Amino acid sequence: MVPDANWEQFLGDSLARLDASNLRRVRQVTRPELGPLITRNGQTLVNFGGNDYLGLRDHPRVLEAAIAAIRGCGVGSGASPAVTGYSHAQQQLELDLADFSHSPAALVFSSGFSTNLATLSSLAGPADALFSDALNHASLIDGCRLTKAQRVIYPHGDIHFLEQRLKADRPRFQRVLIVTESIFSMDGDAAPLAELTRLADRFECGLVVDEAHATGIYGNSGAGLLEELALSEHVLAKLGTLSKAIGSIGGFVCGSASLIEYLVNFGRSYMYSTALPSGALAAARSAITLIREMQPARVSLRNTAGILRQRLRAQGWQVLGTDSPIVPIVLGSELDALTMSQRLREAGLYVPAIRPPTVPPGTSRLRISLSTGHTVTQIDDLVIGLGCSA
């Protein structure tokens with residue numbers, strides 16, 4: 001058979017299929033404003049689509065730290081951390097993150113995605129297995145796929161299924177990892193971490209927990225759900241991001257000193273990516289200092305999220321989760337999610353429509369993200385806007 005080398009035809013057909021299924025993503029130039037506001041196509045919108053949960057992206061102290069670092073060190077780092085890119089600012093941030101996360105050591109990456117790729121892909125080989133929650137983030141899924149290990153996808157949060165599979169299969173493998181998010185990015189619910197740590201201990205598995213959407217929101221000092229449940233010592237690796245509640249950019253992993261040195265030497269997306277610039281690192285350090293002092297703010301945010309869920313359920317919406325600032329409204333079809341998102345936009349509210357492959361088919365939704373910067377009036381407007389469409 002003669003190969004079909006018509007690339008433009010292939011590309012066009014692929015995009016057309018997305019259009020027909022209401023699955024095509026279209027970027028729009030967005031200008032962040034101060035607080036929870038964005039401007040798109042000249043329209044200022046209340047932003048319910050970001051992950052700046054604590055409003056630290058534009059906090060004066062965070063901005064001052066970033067500007068001072070840029071003036072002193074320049075805009076870029078210039079190289080991989082394995083060459084000359086490993087700065088004093090990165091070293092200090094890693095010490096801060098280790099202390100913040102109740103871990104012996106930490107390692108900072110250029111993104112949360114690369115953190116997860118490097119950690120998972122370097123820890124498991126052909127004689128090993130990974131047991132991964134079905135609703136894990138794409139970065140965790142891809143990290144698992146990059147290994148040559150056996151992969152078992154267990155139904156979301158299903159401890160019984162996981163226990164039965166571990167009981168049947170664990171003896172066949174040399175090393176086993178259990179991989180989960182703590183707060184799930186699209187459902188806003190929590191993993192059963194206490195039960196997972198129990199299974200990990202019982203079956204001698206390494207537990208890897210992604211705290212991207214729990215950092216800053218859970219725990220007495222804001223370190224995450226592992227801190228809140230006093231389980232930090234029970235994990236092999238805690239994964240996180242600097243780009244959500246911390247308000248900067250980058251990712252990190254916390255664990256033993258041996259784990260960190262192992263990743264420095266075997267984590268490909270660490271070794272072969274340019275290190276973060278000092279401005280981003282200094283901003284993250286400043287934000288972590290602030291987060292430790294923000295217990296009243298995170299308690300208030302979680303209370304607001306719980307109350308919003310009650311109000312939306314009273315309107316008849318299918319709302320997931322309990323008290324995380326991620327408040328998903330499941331609508332089902334892609335078209336319904338897009339239509340509802342557009343109606344809210346016309347009312348001055350930006351709530352993104354989330355569709356496959358980000359979520360399973362038939363579960364398209366609106367994903368509301370709350371921030372401490374949202375006012376009572378803005379949240380009331382959101383409830384009213386959704387109530388008019390219920």
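Keep in mind that what you see is a predicted model, and the values were worked out from it rather than measured.
With a 4.5 Å cut-off on side-chain heavy atoms, L242 and I249 do not count as touching. The shortest distance between side-chain heavy atoms of I368 and L312 falls below 4.5 Å. Looking at V264 and Y270, their side chains come closer than 4.5 Å, going by heavy atoms from C-beta outward. T363 has its side chain out of reach of R355: every pair of non-hydrogen atoms, C-beta onward, lies at least 4.5 Å apart. Side-chain contact between S232 and K238: absent, with no pair of heavy atoms (C-beta onward) separated by less than 4.5 Å. Using a 4.5 Å heavy-atom cutoff, the side chains of Q342 and T339 are not in contact. Taking 4.5 Å as the limit, some side-chain heavy atom of H374 sits within range of a side-chain heavy atom of F48. L135 has its side chain within reach of P360: a pair of non-hydrogen atoms, C-beta onward, lies under 4.5 Å apart.
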Side chain to side chain contact (heavy atoms under 4.5 Å, CB included) evaluation trace for N47 with T39
CA-CA 9 Å; N47 182 16; T39 297; over 6 Å; no
Run F184 and H156 through ring-ring contact (aromatic ring centres under 6.0 Å, His included) and show every step you take.
CA-CA 10 Å; F184 285 84; H156 179 50; 4.5 Å; yes
Chi angles and distances behind the salt bridge (charged side-chain N to carboxylate O under 4.0 Å, His left out) call for R365, D187
CA-CA 10 Å; R365 65 197 64 183; D187 285 60; 3.2 Å; yes
I would like to know whether L166 and I178 meet side chain to side chain contact (heavy atoms under 4.5 Å, CB included); could you show each step before the answer?
CA-CA 10 Å; L166 286 170; I178 299 172; 4.1 Å; yes
Kindly determine whether S132 and C144 satisfy side chain to side chain contact (heavy atoms under 4.5 Å, CB included), including the steps that lead there.
CA-CA 8 Å; S132 178; C144 292; 4.3 Å; yes
Can you check side chain to side chain contact (heavy atoms under 4.5 Å, CB included) on L162 and L196, steps first, answer last?
CA-CA 9 Å; L162 178 59; L196 289 173; 3.5 Å; yes
Before you tell me yes or no, could you show the steps for S369 and R367 under side chain to side chain donor-acceptor pair (under 3.5 Å), namely the whole-Å CA-CA distance, both residues' side-chain angles and the distance that decides it to 0.1 Å?
CA-CA 6 Å; S369 295; R367 180 183 183 272; 2.8 Å; yes
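The backbone N or O of P277 sits nowhere less than 3.5 Å from a side-chain atom of S77 that would complete a donor-acceptor pair. S103 places no side-chain N or O within donor-acceptor distance of the main-chain N or O of A105, the cut-off being under 3.5 Å. Of the possible donor and acceptor atoms, none in the side chain of N51 sits under 3.5 Å from a partner among the backbone N and O of A245. The closest donor-acceptor contact from the side chain of D210 to the backbone of E181 lies at 3.5 Å or more, if one exists at all. Using a distance-only test at 3.5 Å, with no hydrogens or angles considered, a donor-acceptor pair links the side chain of R313 to the main chain of V319. Between the side chain of R298 and the backbone N or O of N220, at least one donor-acceptor pair lies under 3.5 Å. No side-chain donor-acceptor contact under 3.5 Å links S110 to the backbone of A275. Side-chain N or O atoms of T147 include none that pairs as donor or acceptor with a backbone N or O of G125 at under 3.5 Å. Side chain of S278 to backbone of A89: no donor-acceptor contact under 3.5 angstrom is found. Between the N265 side chain and the Y262 main chain, no donor and acceptor come within less than 3.5 Å of each other.
Looking at R40 and T30, their side chains do bring a donor and an acceptor atom within 3.5 Å of each other. The closest side-chain donor-acceptor pair between T377 and T375, if any, does not fall under 3.5 angstrom. In this structure, a donor-acceptor pair under 3.5 Å is present between the side chains of E211 and S182. Checked by atom type, the side-chain pair N303/D323 shows no donor-acceptor distance below 3.5 Å. For the residue pair Q9 / D13, a side-chain donor-acceptor distance below 3.5 Å is found, with atom types taken as modelled. For the residue pair S300 / R302, no side-chain donor-acceptor distance below 3.5 Å is found, with atom types taken as modelled. For the residue pair S114 / S111, a side-chain donor-acceptor distance below 3.5 Å is found, with atom types taken as modelled. Side-chain contact, T44 with E33: no donor N or O sits under 3.5 Å from an acceptor N or O. The closest side-chain donor-acceptor pair between H102 and E227 falls under 3.5 angstrom. Side-chain contact annotation: Y86 with E94, donor-acceptor N/O pair under 3.5 Å present.
Within 6.0 Å of CZ on R198 lie more than 12 heavy atoms contributed by other residues, nucleotides or ligands. Annotation for E204: atom CD does not count as buried by contact number, only 12 or fewer foreign heavy atoms lying within 6.0 Å. Around the CD atom of E293, the shell of radius 6.0 Å holds more than 12 heavy atoms that belong to other residues, nucleotides or ligands. Within a 6.0 Å sphere centred on CD of E233, other residues, nucleotides and ligands contribute 12 heavy atoms or fewer.
Rounded to the nearest 0.5 angstrom, L386 CG and R311 CZ are separated by 10.5 Å. Remark: L366 CG to L338 CG distance equals 9.5 Å, nearest 0.5 Å. With rounding to the nearest 0.5 Å, the separation of OG1 in T241 from CZ in F109 is 12.0 Å.
No chain of hydrophobic side-chain contacts below 4.5 Å, direct or via other Ile, Leu, Val, Met, Phe, Trp or Tyr residues, connects V330 to L344. The hydrophobic clustering, which links ILVMFWY residues whose side-chain heavy atoms are closer than 4.5 Å, places Y53 and L320 apart. Each of V46 and I38 belongs to its own hydrophobic cluster when Ile, Leu, Val, Met, Phe, Trp and Tyr are linked at side-chain heavy-atom distances under 4.5 angstrom. Grouping the Ile, Leu, Val, Met, Phe, Trp and Tyr side chains by contacts below 4.5 angstrom, directly or via other members, places L207 with L226. Put simply, L177 and I153 are part of two different groups of oily side chains (I, L, V, M, F, W, Y) that touch within less than 4.5 Å, one to the next.
Of all heavy-atom pairs spanning G247 and D52, the tightest one is CA-OD1, 4.4 Å. In terms of heavy-atom proximity, S101 sits nearest to A223 at CA-CB, 4.3 Å. Minimum heavy-atom separation, S221 to F100: O-CE1, 3.1 Å. Closest non-hydrogen pair, L56 versus I291, comes out as CD1-CG1, 3.6 Å. Minimum interatomic distance between L117 and S269 (heavy atoms only, all atoms of both residues): CB-OG, 4.3 Å. Of all the heavy atoms in L225 and A214, the pair that sits closest is N-CB, 3.8 Å.
Ring-plane geometry between F173 and F131 is classed as perpendicular, the angle between the planes exceeding 60 degrees on a 0 to 90 degree scale with a lower cut at 30.
Across L97, I246, L95, L93, a single residue satisfies side chain to side chain contact (heavy atoms under 4.5 Å, CB included) together with R285, and that is L93.
The pair E163-R165 does not meet the salt-bridge criterion, since no charged nitrogen lies less than 4.0 angstrom from a carboxylate oxygen. Residues R25 and E334 are not paired through a salt bridge, judged by the lack of any N-O separation under 4.0 Å between the basic side chain and the carboxylate.
Note on residues 98-127: pairs passing salt bridge (charged side-chain N to carboxylate O under 4.0 Å, His left out), not counting sequence neighbours, are D99-R292.
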